[in-house]
Amino acid sequence: MRHLTSRRLQEARRLLSETGVAQREIAERVGYRSQVGFHLAFRREFDVTPGAFRSDRGERAVRGEDSGGR
């Protein structure tokens with residue numbers, strides 16, 4: 001079960017960094033019925049909220065610091 005959760009969250013992280021899709025829709029795409037559940041799981045996995053992750057990725061890309069990995 002842990003492996004499946006990790007894979008779903010990896011896909012969510014990719015979608016957050018590579019698309020402009022709303023967090024709610026990303027949560028649904030990767031199998032979360034609740035945006036709150038998605039938010040908590042993402043934070044537990046990556047130690048950052050989905051919104052903060054997306055914001056940080058955007059700011060780093062603008063500054064030319066985006067290395068493609070976190």
* Flag if over 12 foreign heavy atoms under 6.0 Å of CZ, Arg14 -> yes
For [X] versus [Y], what's the shortest heavy-atom pair and its separation?
X	Y	answer
Gln23	Phe38	O-CE2, 4.2 Å
Ile26	Arg54	CD1-NH2, 3.6 Å
Val48	Phe42	O-CD2, 3.2 Å
Ala41	Leu9	O-CD1, 3.5 Å

Rounded distance [0.5 Å steps], [atom1] in [X] versus [atom2] in [Y]:
X	Y	atom1	atom2	answer
Gln35	Glu25	CD	CD	11.5 Å
Phe53	Arg43	CZ	CZ	15.0 Å
Arg8	Thr5	CZ	OG1	5.5 Å
Arg24	Ser34	CZ	OG	13.0 Å

* To do: Using side chain to side chain donor-acceptor pair (under 3.5 Å) as the criterion, list what pairs up with Ser6, not counting sequence neighbours.
  => Glu45
* To do: Answer yes if Leu16 and Leu40 sit in the same cluster of Ile, Leu, Val, Met, Phe, Trp and Tyr residues linked by side chain heavy atoms under 4.5 Å apart, and no otherwise.
  => no
* **Between Arg7 and Gln10, a side-chain donor and acceptor under 3.5 Å** => no
* Checking Thr19 side chain against Leu15 main chain: does a donor-acceptor pair fall under 3.5 Å? -> yes
